[in-house]
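Written below as structure tokens is the structure these notes are about.
Worth knowing before you read on, the calculation uses all heavy atoms, side chains too, and leaves out hydrogens, waters and symmetry mates. Each chain gets a letter, A, B and so on, in the order its sequence line appears, and its residues count up from 1.
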There are 2 protein chains.
Amino acid sequence: MSDEEQPPPRSTYRHGGLRDALLEAGVEMAREGGPDAVVLREATRRAGVSPNAAYRHFADREALLKAVSDACLGFSADRIEQELAAHPPTGHDGAFTEADARAMLRAVGLGYLAFAREEPGLFRTAYSVPDDLSHAFDAGKAGRGGRTPFQLVGIALDAMVETGAMPAARRQNAEFLAWATVHGLGMLIIDGPLRGLDDRMVDFATSRLLDMVDRGL
Amino acid sequence: MSDEEQPPPRSTYRHGGLRDALLEAGVEMAREGGPDAVVLREATRRAGVSPNAAYRHFADREALLKAVSDACLGFSADRIEQELAAHPPTGHDGAFTEADARAMLRAVGLGYLAFAREEPGLFRTAYSVPDDLSHAFDAGKAGRGGRTPFQLVGIALDAMVETGAMPAARRQNAEFLAWATVHGLGMLIIDGPLRGLDDRMVDFATSRLLDMVDRGL
DNA sequence: GTCGCCATGTGTACGCTGTCCACAACGGCA
DNA sequence: TGCCGTTGTGGACAGCGTACACATGGCGAC
């Protein structure tokens, strides 16, 4: 009868949210197989639409992949914020201690690496699309908290300087060092030589890496 | 023991060195466009051979890419050895000082990052194929000096311990930390947020990163 | 209300890719 | 000498990204 059983029964003509549907399909494919698994035709198939429909919303496959990548950066930010929330400052009424700042920076690193290990496909996709600093703060790359991973590192580093955990003279561009270190370990873990190491060893390497950053920054 | 030489590039039927030709073509494509640019059919085309001929030497495209990737690791090792040679130990009759060991480790990092900047396509290809520790010493990944990048880091770290530049207790798995740090910066430079930074800034970031490793390892 | 516009979707087609199959020629070994 | 395994060829197929022409229908202007 007239009871609509199928959620997308007749995508008659207007889809309504095709762009979002394609993006979501893309994210799902990225989750399963990384950036190379993001296939334009398959995305349209999952959205129940003809292949060319995608071109009304994305210039080409690269544009779709870029959008998926940005979304992945947002997920990464979410995971970092989650880790930050799990390690709240011990101080009262918003006062930060030096230890708090160190814990914050550590939490950022832990969250970053946790994301790499929990969602390797999304992680690889997030950092597979060439980008540069001028777009490091684009809103599209932010998580639900409204901040991009790059910003989160920056915030933690600012706290380090404010509490005296790090000399101010070393603050400039310190994001690069912290980020590079953690990013590198992430890559080595998910498809570099550290692949296949058991969780305990990875945890250990993570811990030692963060120690190194703490000491050497 | 036969002197293998083919004065005319006769492509009558037997090619003679098809496997090598395909590999070389693959490396050239990787140089220009990274791992995604190594295309099996194009490789056969450059070798002047029909597409299917490749399957006599490589199981599939992935196998070709793996071979190219291994070759790239060898080039990476070459570049590191070159940097090592440019920073010879100051000590006499093979005696290493602590400063020599630090210079060695630094040279390894410099060479690694120089390779990333000079040959971004090869660099990305080298580390694009999932691998694990059990193959970190495969002869196919070694450079002309017979050592893989992983081994070179290890040698430098051993020197650090021997000369007292690093406590022996921290030696175990220190490769991972050093490698991850430098690898991460390499990735950020060639297609991460540090892309497009001028050489001076990259040099500066490199220097600070190596300082951090030196201090924090 | 009606009409027309244009954003959004469909259909068809092309060249490219990786890969499977059957077949052909060479060269070393019996 | 004749055979046979190695190495190459040719043809075919499905899947991909994407260009071009066409269809639809919701929305604002009249």
Side-chain angles (χ1 to χ4, degrees), chain A residues 4 6-30 32-69 125 128-130, chain B residues 1-30 32-69 125 128-130:
Chain A
E4 309 284 332
Q6 302 150 318
R10 295 287 311 135
S11 54
T12 39
Y13 210 79
R14 279 321 197 258
H15 183 286
L18 183 52
R19 200 199 133 93
D20 286 349
L22 292 172
L23 218 165
E24 192 170 344
V27 167
E28 213 46 48
M29 290 184 282
E32 294 160 17
D36 291 346
V38 176
V39 159
L40 192 144
R41 286 182 100 109
E42 172 66 15
T44 62
R45 222 171 285 133
R46 296 191 186 190
V49 109
S50 93
N52 284 326
Y55 289 90
R56 298 296 169 191
H57 302 275
F58 300 98
D60 51 18
R61 175 185 178 271
E62 203 63 28
L64 170 61
L65 184 58
K66 177 76 170 59
V68 172
S69 165
T125 305
S128 69
V129 179
Chain B
M1 313 301 187
S2 57
D3 53 343
E4 321 218 5
E5 50 187 2
Q6 33 179 144
R10 25 172 284 142
S11 62
T12 39
Y13 205 79
R14 281 317 198 259
H15 184 286
L18 183 51
R19 199 198 132 93
D20 287 350
L22 292 173
L23 220 164
E24 191 170 344
V27 166
E28 214 46 47
M29 291 184 283
E32 293 160 17
D36 291 346
V38 25
V39 151
L40 193 143
R41 286 181 100 110
E42 173 66 16
T44 62
R45 222 170 284 134
R46 295 191 186 189
V49 111
S50 92
N52 284 325
Y55 289 90
R56 299 295 169 194
H57 302 276
F58 300 99
D60 52 18
R61 174 185 179 271
E62 203 64 26
L64 170 61
L65 184 58
K66 177 76 169 60
V68 172
S69 164
T125 306
S128 71
V129 179

Closest to the A/Ser50 side chain, choosing from D/dG8, C/dG9, C/dT10: C/dT10

Which of these nucleotides, D/dA21, C/dC23, C/dT19, is closest to any side-chain atom of A/Arg56? D/dA21

Using whole Å, report how far CZ of B/Arg61 lies from C1' of D/dC16. 13 Å

Solution key, residues 45-54 of chain B side-chain donor-acceptor pairs under 3.5 Å, sequence neighbours excluded:
unit_1: B/Arg45; atom_1: NH1; unit_2: B/Glu42; atom_2: OE1; d: 2.5
unit_1: B/Arg46; atom_1: NE; unit_2: B/Glu42; atom_2: OE2; d: 2.9

Minimal non-hydrogen separation, A/Ala30 against A/Thr125, with atom names: CB-OG1, 3.4 Å

Rounded to the nearest angstrom, tell me the gap between atom CZ in B/Phe58 and atom P in D/dG8. 12 Å

When you compare the side chain of B/Asp36 with that of A/Asp36, does any pair of heavy atoms fall below 4.5 Å? yes

I need the CG-C1' distance between B/Leu64 and C/dT17, as an integer number of Å. 14 Å

Hey, can you pull the donor-acceptor pairs under 3.5 Å for the side chains in residues 56-64 of chain B, sequence neighbours left out?
unit_1: B/Asp60; atom_1: OD1; unit_2: B/Glu62; atom_2: N; d: 3.3
unit_1: B/Asp60; atom_1: OD1; unit_2: B/Ala63; atom_2: N; d: 3.0
unit_1: B/Arg61; atom_1: NE; unit_2: B/Val38; atom_2: O; d: 3.1
unit_1: B/Arg61; atom_1: NH2; unit_2: B/Pro35; atom_2: O; d: 3.2
unit_1: B/Arg61; atom_1: NH2; unit_2: B/Val38; atom_2: O; d: 3.1

A/Glu62 has an atom CD; how far is it from atom P of D/dC16, in whole Å? 17 Å

How about B/Glu28: does its CD atom have over 12 heavy atoms from other parts shown lying under 6.0 Å from it? yes

Between A/Pro51 and B/Pro51, who's closer to the 5' end of DNA chain C by nearest nucleotide? A/Pro51

Give each protein N/O atom lying under 3.5 Å from an N/O atom of nucleotides 12-15 of chain D, with the pair distance.
none

State the CG-OG1 distance between B/Leu18 and B/Thr44, to the nearest 0.5 angstrom. 8.5 Å

How close or far is atom C1' of C/dC16 from atom CG of B/Asp36, stated in whole angstroms? 15 Å

In whole angstroms, how far is the C1' atom of D/dG8 from the NE2 atom of B/His57? 8 Å

Could you tell me the separation between the CG atom of B/Leu40 and the P atom of C/dC20, rounded to a whole number of Å? 11 Å

Shortest non-hydrogen pair, B/Met29 vs B/Ala43, comes out as CE-CB, 3.6 Å

Send over the distance from B/Tyr55 OH to C/dT17 P, rounded to a whole Å. 12 Å

